[in-house]
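These notes are about the structure you will find just below.
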Amino acid sequence: MLTANHLQYAYAEAGHMQVVLQDINLQVTQGERVALVGSSGSGKSTLLNLLGGIDKPSAGDIHLAGQTFSQLTEPALTLFRRQHIGFIYQQFNLIPTLTVAENILLPLELLELDPDTQQQRLNYWLSAIQLPKRAQAFPDQLSGGEQQRVAIARALIHQPALVLADEPTGNLDAKTGALVLDLLFELSRAQQQSLLVVTHSQVVAERADRVLLLQDGCLQPVTQSLAW
Ligand code: ADP
Ligand code: MG
């Protein structure tokens, strides 16, 4: 379970502070899929970076998997992030010089699994994302939808407690995006992960268990029928 209490965040801009997040309170239970919507510049990516331990809030607490982020040292937080959080970005962010298999296996480096277990996990994830024959391909040999499926496998293979996706279908056509999203929702639910997806897509929001709107630095629930 992910919990955030009274998060605040401000960017320092040319001598003055731009407060982006005022008072963020959030709970995402295990296996729950939450969509986060809000206009461009409302702070969605900023919030994801805080929840993912990439940036530190100006005030407030984040709790995940029995830990409080503010109580971890910088190296401990980095390690915690690599073990317990999976990220998916709009631009896929695969490493171009690594094969599909090498990209997917990256998060396992920390876990020191034996080669057989690694291979089994890899095979499982290649099938799960419906690319069983593309292990040796390089990212630029794949379509956008295929690259994003590889990114999903990479985000989930180490079984993180929390999966954060920042506009994961933003670079895909509607049909491909819907397929990629179904996979992400299904696979993260199967592992009982907390999933937070930033999106502009009504389709994405409709598949989520809950939709939250970020506006004026605060979160509020959105009913599915309401346009944002
Ligand atoms: P969203 O993802 O909802 O579009 P962001 O979190 O990217 O919004 O940005 C929220 C606000 O913070 C915007 O006004 C943006 O200009 C500002 N901002 C984002 N990143 C930085 C930064 N590194 N330095 C200064 N301001 C930033
Ligand atoms: Mg953003």
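We count ligands from 1, going down the list as the structure has it; atoms in each ligand are counted the same way.
The number of heavy-atom neighbours closer than 6.0 Å to CZ of R82, taken from other residues, nucleotides and ligands shown, is 12 or below.
Around the Mg ion (ligand 2), the protein atoms of type N, O or S found under 2.8 Å away are S45 OG, listed by chain and number.
Distance alone, capped at 3.5 Å, places no donor-acceptor pair between the N93 side chain and the Y89 backbone.
Between Q118 and D114, the side chains place no donor N or O within less than 3.5 Å of an acceptor N or O (distance only, hydrogens not considered). Side-chain contact, S45 with D166: a donor N or O sits under 3.5 Å from an acceptor N or O.
The minimum heavy-atom distance between F69 and L51, with the atom names listed, is CE2-O, 3.3 Å.
Note: the hydrophobic cluster containing L64 also contains L21 (ILVMFWY, side chain heavy atoms under 4.5 Å, direct or indirect links).
The side chain to side chain contact (heavy atoms under 4.5 Å, CB included) check on S42 picks up S39, K44, L214, with sequence neighbours excluded. Listed by chain and number, the residues in a side chain to side chain contact (heavy atoms under 4.5 Å, CB included) with F185 are R33, L181, L195, V197, V204, R207, A208 (sequence neighbours excluded).
At a heavy-atom cutoff of 4.0 Å, ligand 1 is surrounded by Y11, E13, Q18, V20, S39, S40, G41, S42, G43, K44, S45, T46.
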Decide side chain to side chain contact (heavy atoms under 4.5 Å, CB included) for K56 and L50; before the verdict, give the C-alpha distance in whole Å, the side-chain angles of both, and the deciding distance to 0.1 Å. CA-CA 6 Å; K56 282 195 190 315; L50 299 186; 5.7 Å; no
